[in-house]
Each structure stands twice: as C-alpha cells, then as structure tokens.
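A short worksheet on the structure shown next.
Proteins get letters first, then strands, A, B, ... in listed order; numbering begins at 1 in each.
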There are 2 protein chains.
Amino acid sequence: MRLTTKGRYAVTAMLDLALHKSQGPISLSDISSRQAISLSYLEQLFSKLRKSELVSSVRGPGGGYELKRGSDEIYIAQIIDAVDESVDTTKCQGAGDCQGGETCLTHYLWEDLSEQIHAFLESISLADLVAKNEVKKIADNQDRRQIIVTEMSAALAL
Amino acid sequence: MRLTTKGRYAVTAMLDLALHKSQGPISLSDISSRQAISLSYLEQLFSKLRKSELVSSVRGPGGGYELKRGSDEIYIAQIIDAVDESVDTTKCQGAGDCQGGETCLTHYLWEDLSEQIHAFLESISLADLVAKNEVKKIADNQDRRQIIVTEMSAALAL
DNA sequence: CTAATCTTGACTAATTCACTAGGTTATTCG
DNA sequence: CGAATAACCTAGTGAATTAGTCAAGATTAG
C-alpha cells in the first residue's frame, strides 16, 4: 500500500465525479478547472481508472466520464490501487538467505501494517466520504472523533 | 500523510533497533546487512531520526544508535513524519477563489481521510508491532482481524 | 459533411527517490 | 600516540515518478 499524491489526485477526481453524478458525463476539463489538476495528468489517471472498470467514458461533444458503479460501491482502496500500481514491497522474494530470517520478519511487520491500512481504505466508499462531509459541518471535533471510531470499528468487523 | 518506501525503510530500521535494544548501541552497518538497506541511505535517514529525537547516537568503536525512548513510546507516525517531511497537501492555501468552495471541499475530504490514517499510525508503537508478531504466529486470520479491530478502536478513543 | 467536443496515446521536462562516493570528526583500543 | 571504528556531512548520480505538451482519433451537433 502506497499513499502518494498520485492517489490523492485520483480520489479527488473521483470525488468530483461522485458529487456531480446527477449531471451526466463530466468532462475532464471541468474536473481540471474545479479541482486544479492539470488536464493531461487527469487524462493519464482516467486511462487507468477506465481500465480498472471504475469509470466509463463517453466520447464526443457532451461526453466525459461517469462512475461505472454507484458511489457506494466504489472504495478508496480500489481507486488508489488502480493508479498506483504497487511494486513488490518485500525485496527479498526468495533472495537467498532471507527465508523466515530476521530480514523477512521486519518486512512482514511492515506489510501487515500496510494491509491494515488497505483494509481500512477498502471499507470506505466515495459515498461514505461525501456523507461524512455533511455530518462534519455540524459536528464539532469531539463528535467527529467519535464518528471516526465508529466507522473504523464497523469497517473492520466485516 | 504520505506512505512511501522511504518511510518503510525508516520503520524497518527502527524495528531492527527495537528488536536488538538489549545489545546496546547498534551500528548502521549491522542494520544495513540485516535489512538489506544501503549504509549511506541509512545515514541520511538516521540523521533525520536523530534530529527528531527518536534515536541517540554513540560515536567511536562499539558505537551506534539506540532508541531514545522505550519502544512502547515511539509511534510509527513519528518515524514517518521524521523522514518524510510532508508538503502542503492543500495547494489552494488562500489561492483566490477557493474559499470554502467546491475545490476545498474535495481537498478537505481527502485530508480528513489522511488524518484518520495518521491517527491510526500514531496509536501503534514499535512495541505493538513486535508484540503483535508474537501473537500472529499462533493466531489464525480471523483472530488477527479481531485484534486489528480492537487496536483501531482503542487507538482512536484517546 | 463539417466543425466542435472530448477521449486516447505517445512524447517530453521537472522533480523526487534511492543510492553512491567522498570526506571529516569523535572515540576506543592496542 | 596512532590505528581502527563508527557517526556525521556534503555533493552528486541514475532511475522512477510526477506533471505537462502535443498530436492524433472518435463522436455528436448542426
């Protein structure tokens, strides 16, 4: 699991789609001006998002991109995985003397942590983020923290 | 909150220190050979870790680095923050027309998510990771997932 | 059919990452 | 004392990632 600006751009753009899904296909230039992301970079990102079946494209005038599924069926982890193809984090895949040795121990500890974050992001949908934003406007910080706890717990109970 | 290989290297190295803290100061060349991280890169990372008061150094023969606090008082987020100096994720800091507008909305949604991950990593100490590894050897996947839930909940209850 | 709109893909520049190489300074041991 | 050890510091390099440019293709409106 990697968490970089590329993934943030992708999630931001997908959020923009979710917020405007009632308006039919959204062109990338709309997203570009609204979210301050360069058009060409968006094009690259959406190429990957399309290959991952997260969005569908409509060409020609009035065209653009739409969420392929409902915003409650698209999870943050899927978006990040789509644009941020993960390299192998182990680095010691059968590389000689690292068979359950100490080296693999620490690698495994990190991977486990990474898995937990991934599981968390797999449990949050675009709709969740949008919905939480509504709540946030009223709730103060303490209430918000409580919401986070509830969500995280619920998320991992599966 | 960014999650890159740089942070992973730092956490891995700190875990190595935690696992060998009974042996006095640990030299970087030891960590380098055990964890397969280049020595000079470790030096750069530990320079930052030292400035962040996470480790202390002992020079000369037999010297090396030690955890400055107990491994139960050093949290993953601190390590990552130390080496991975975060750039401003907003990009629209008072930049004209982005005053609570739609642009800031999506930025804020992402930042909130990022905060949650940070809060999570702030709640996991080096000792936690080491301890969990002991448990893992016996526990099956379902048990592990329960542990995760407990940890995440406890983490955010503050 | 033609023009406008929007996707698609190939190509390029800038930045960051991971690492290397070289040295200097502090400390211990023979 | 002097040689070995190891932290420290600075600069530089290659590759990957990030971000942006440009020129095609596809599709619809008029």
Handout entry: Short side-chain donor-acceptor distance under 3.5 Å, B:S29 and B:S27
Key =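 Side-chain D/A pair, B:S27 to B:S29: present.
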Reckon [X] has a side-chain N or O less than 4.0 Å from the OP1 or OP2 of [N]?
{"X": "B:Y9", "N": "C:dC19", "value": "yes"}
{"X": "A:S47", "N": "C:dT7", "value": "no"}
{"X": "B:R2", "N": "C:dT16", "value": "no"}
{"X": "B:Y41", "N": "C:dC19", "value": "no"}
{"X": "A:T4", "N": "D:dT18", "value": "yes"}

Rounded interatomic separation in angstrom, taking [atom1] from [X] and [atom2] from [N]:
{"X": "A:F46", "N": "C:dG9", "atom1": "CZ", "atom2": "C1'", "result": "17 Å"}
{"X": "B:L45", "N": "C:dC19", "atom1": "CG", "atom2": "C1'", "result": "11 Å"}
{"X": "B:K51", "N": "D:dC9", "atom1": "NZ", "atom2": "C1'", "result": "9 Å"}
{"X": "B:L3", "N": "D:dT17", "atom1": "CG", "atom2": "P", "result": "16 Å"}
{"X": "B:K48", "N": "D:dC9", "atom1": "NZ", "atom2": "C1'", "result": "14 Å"}
{"X": "B:K6", "N": "C:dC19", "atom1": "NZ", "atom2": "P", "result": "12 Å"}
{"X": "A:R50", "N": "C:dT8", "atom1": "CZ", "atom2": "C1'", "result": "8 Å"}
{"X": "B:L39", "N": "D:dC9", "atom1": "CG", "atom2": "C1'", "result": "13 Å"}

Exercise for the section: Name the closest nucleotide to the A:S57 side chain, picking from C:dT7, D:dA19, C:dT20. Expected result: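 The listed nucleotide nearest to A:S57's side chain is C:dT7.
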Exercise for the section: Give me the ring orientation class for B:Y41 and B:Y9: parallel if the planes are under 30° apart, tilted from 30 to 60°, perpendicular past 60°. Expected result: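 Taking B:Y9 first and then B:Y41, their aromatic rings stand perpendicular (interplane angle over 60°).
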Problem - First of B:S40 and A:E43 reached from the 5' end of DNA chain D, by closest nucleotide - result: B:S40
Practice task
With DNA chain D as reference, determine whether B:G64 or A:V58 sits nearer its 5' end, using the nearest nucleotide of each.
Solution key: B:G64
Exercise for the section: Specify the closest pair of heavy atoms between B:L28 and B:L42, including all atoms of both residues, with the distance to one decimal. Expected result: O-CD1, 3.6 Å
Anything under 3.5 Å between a protein N or O and an N or O of nucleotides 24-27 of chain D, put it in a table, one pair a line.
{"from": "D:dA26", "atom 1": "O4'", "to": "A:R59", "atom 2": "NE", "distance (Å)": "3.4"}
{"from": "D:dA26", "atom 1": "O4'", "to": "A:R59", "atom 2": "NH2", "distance (Å)": "3.0"}

Problem - Salt-bridge present (A:D84, A:K6; N to O < 4.0 Å) - result: no
Problem - ILVMFWY cluster, A:L54 and A:Y75 together (side-chain gap under 4.5 Å) - result: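 No: no chain of side-chain contacts under 4.5 Å links A:L54 to A:Y75.
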Exercise for the section: Indicate, with a heavy-atom threshold strictly under 4.0 Å, whether B:Y65 touches base, sugar-phosphate, or nothing. Expected result: sugar-phosphate
Practice task
Report yes if the side chains of B:Y65 and B:D16 come closer than 4.5 Å at any heavy-atom pair, otherwise no.
Solution key: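 Result no, sub-4.5 Å side-chain heavy-atom pair not found.
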Problem - Rounded distance (nearest 0.5 Å) linking atom CG of A:D81 with atom OG of A:S52 - result: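 Interatomic distance, A:D81 CG to A:S52 OG, rounded to 0.5 Å: 8.5 Å.
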